[in-house]
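Being a predicted model, the structure only gives us computed values, none of them experimental.
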Amino acid sequence: MSKLLQIRDDRGRKLTLHTLEDGALKSDLPDGWSFEPADDTPLWQPAPDAISDRQFAQALALAGTITEAEALAWAARGELPEAMEAALAKIPETDGRRFGARMMLAGATTFERGHPLTDQLGGLLTDPATGKPYDAAALDALWSRAAAL
């Protein structure tokens, strides 16, 4: 008799399914990874590389990070939400870094998950689901939700 297990990584992502024959030993996994009984949740998929400005604003509004009115003003006119302005205020003005970040946020038509500013701003915004800054996993989830909008 065999048993179907799933493997989760140290970030809680379901990566694969694994069939274990009765009496067989489980393979060694990296630290923080685990075997668990298989469930119906889908396997983790990497976040898309880029999303539109509308998708980004809408996903942040649906998450509760910004308001719907702020999302509309941002997508339509490039008016930055209060949470973004507060995050920008924490970026040093040195060498025009803050101005560059503001220009990108206000004028970009696409947002790239791999852009260095993405992780920096994520760390300065609060994820309403956790009350903590957006970490890499939360940003991946936000990008994936946004891509589906």
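The hydrophobic clustering, which links ILVMFWY residues whose side-chain heavy atoms are closer than 4.5 Å, places Ile7 and Leu4 apart. Hydrophobic clustering of Ile, Leu, Val, Met, Phe, Trp and Tyr side chains at less than 4.5 Å, counting indirect connections, keeps Leu43 apart from Trp33. Linking Ile, Leu, Val, Met, Phe, Trp and Tyr residues whenever their side-chain heavy atoms come within less than 4.5 Å places Leu20 and Leu15 in a single cluster. Note: the hydrophobic cluster containing Phe56 also contains Leu117 (ILVMFWY, side chain heavy atoms under 4.5 Å, direct or indirect links).
Although no hydrogens or angles enter the test, the distance criterion places no donor-acceptor pair under 3.5 Å between the side chain of Arg54 and the main chain of Ala75. Proximity of a side-chain donor or acceptor of Trp74 to a complementary backbone N or O of Leu105 within less than 3.5 Å is detected.
Within a 6.0 Å sphere centred on CG of Asp95, heavy atoms belonging to other residues, nucleotides or ligands number 12 at most. Residue Glu79 qualifies as enclosed at atom CD: its count of foreign heavy atoms under 6.0 Å is above 12. Heavy atoms of other residues, nucleotides or ligands lying less than 6.0 angstrom from CG of Asp10 number more than 12. Other residues, nucleotides and ligands place more than 12 heavy atoms under 6.0 Å from the CE atom of Met104.
Considering only heavy atoms from C-beta on, Glu85 comes within 4.5 Å of Arg102 through its side chain. Here the side chains of Ile66 and Gln58 are not in contact, with every heavy-atom distance at 4.5 Å or above. In this structure, the side chains of Thr118 and Glu112 stay at 4.5 Å or more apart for every pair of heavy atoms. Here the side chains of Gln6 and Leu17 are in contact, with some heavy-atom distance below 4.5 Å. Residues Leu139 and Asp127 have side chains not in contact (no heavy-atom distance under 4.5 Å, counting atoms from C-beta outward). Using a 4.5 Å heavy-atom cutoff, the side chains of Leu124 and Ile91 are in contact. Under the 4.5 Å side-chain criterion, counting only non-hydrogen atoms from C-beta, Leu142 is not in contact with Thr65. Looking at heavy atoms from C-beta onward, Thr41 lies in side-chain contact with Arg8 at the 4.5 angstrom threshold.
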* Tell me, with the steps shown, if Phe111 and Gln55 meet side-chain contact (heavy atoms from CB on, under 4.5 Å). => CA-CA 9 Å; Phe111 288 89; Gln55 289 171 311; over 6 Å; no
* To do: Start with the C-alpha gap between Glu82 and Thr67, add the side-chain angles, then the distance that decides, and say whether side-chain contact (heavy atoms from CB on, under 4.5 Å) holds.
  => CA-CA 9 Å; Glu82 187 177 314; Thr67 67; over 6 Å; no
* Would Leu125 and Met84 count as a side-chain contact (heavy atoms from CB on, under 4.5 Å) if you check the C-alpha gap in whole Å, the side-chain angles of each, and the deciding distance to 0.1 Å? -> CA-CA 7 Å; Leu125 293 170; Met84 283 297 176; 3.6 Å; yes
* Asp135 vs Thr130, side-chain contact (heavy atoms from CB on, under 4.5 Å): CA-CA, chis, key distance, verdict -> CA-CA 10 Å; Asp135 60 13; Thr130 63; over 6 Å; no
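Closest of all the heavy-atom pairs between Ala47 and Ser144 is CA-OG, 3.7 Å. Closest heavy-atom contact between Leu149 and Ala59: CD1-N, 3.8 Å. Here the closest non-hydrogen pair linking Gly123 and Pro133 is O-CB, 3.4 Å. Taking both residues in full, the closest heavy atoms of Pro128 and Tyr134 are given as CD-OH, 3.7 Å, listed atom of the first, atom of the second, then distance. Between Arg113 and Ala136, the closest heavy-atom pair is NH2-O, 3.3 Å. Closest heavy-atom contact between Leu88 and Leu80: CD1-CD1, 3.5 Å.
Classification of Arg145 and Asp140 as a salt-bridged pair fails, no side-chain N sitting under 4.0 Å from a carboxylate O.
Expressed to the nearest 0.5 Å, how far CG of Asp53 lies from CD1 of Ile51 amounts to 9.5 Å. In this structure, the separation between CD on Glu36 and CG on Leu5 is 9.0 Å, given to the nearest 0.5 Å.
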